[in-house]
Amino acid sequence: MIIFSTLRVKRWGGVGRRFGEVLYERYNSDITDSPISRNDYEAEVGIGFIYVF
């Protein structure tokens with residue numbers, strides 16, 4: 001299994017945070033041989049905001 005993940009967080013005007021995330025995961029043969037598995041990898045990209053009241 002190969003996993004690559006990164007997370008970057010930056011302050012946003014002193015009242016919140018913004019962040020971005022990139023993830024790539026390659027599955028081993030136990031999962032890829034499964035009949036319910038569609039792919040042999042998973043990838044996702046996400047962004048988010050946290051605002052503090």
Discussion item. Can you confirm whether Arg18 sits close enough to Ile47 that some side-chain heavy atom of one is under 4.5 Å from a side-chain heavy atom of the other?
Written reply: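 They are not in contact (no side-chain heavy atoms under 4.5 Å apart), so the answer is no.
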
Discussion item. I want to check something: taking the side chain as every heavy atom from C-beta on, are Asn39 and Tyr27 in contact at a cut-off of under 4.5 Å?
Written reply: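 Sidechains of Tyr27 and Asn39: no contact.
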
Worksheet item: Mind checking what makes side chain to side chain donor-acceptor pair (under 3.5 Å) contact with Glu21, not counting sequence neighbours?
Response: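 Here no residue qualifies.
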
Worksheet item: Taking all non-hydrogen atoms of both residues, which atom of Phe49 and which atom of Phe19 are closest, and how far apart?
Response: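 It is N-CE2, 4.1 Å.
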
Discussion item. To the closest 0.5 Å, what do you measure between CD (Glu42) and OH (Tyr24)?
Written reply: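 Answer for the CD-OH pair, Glu42 versus Tyr24, is 11.0 Å.
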
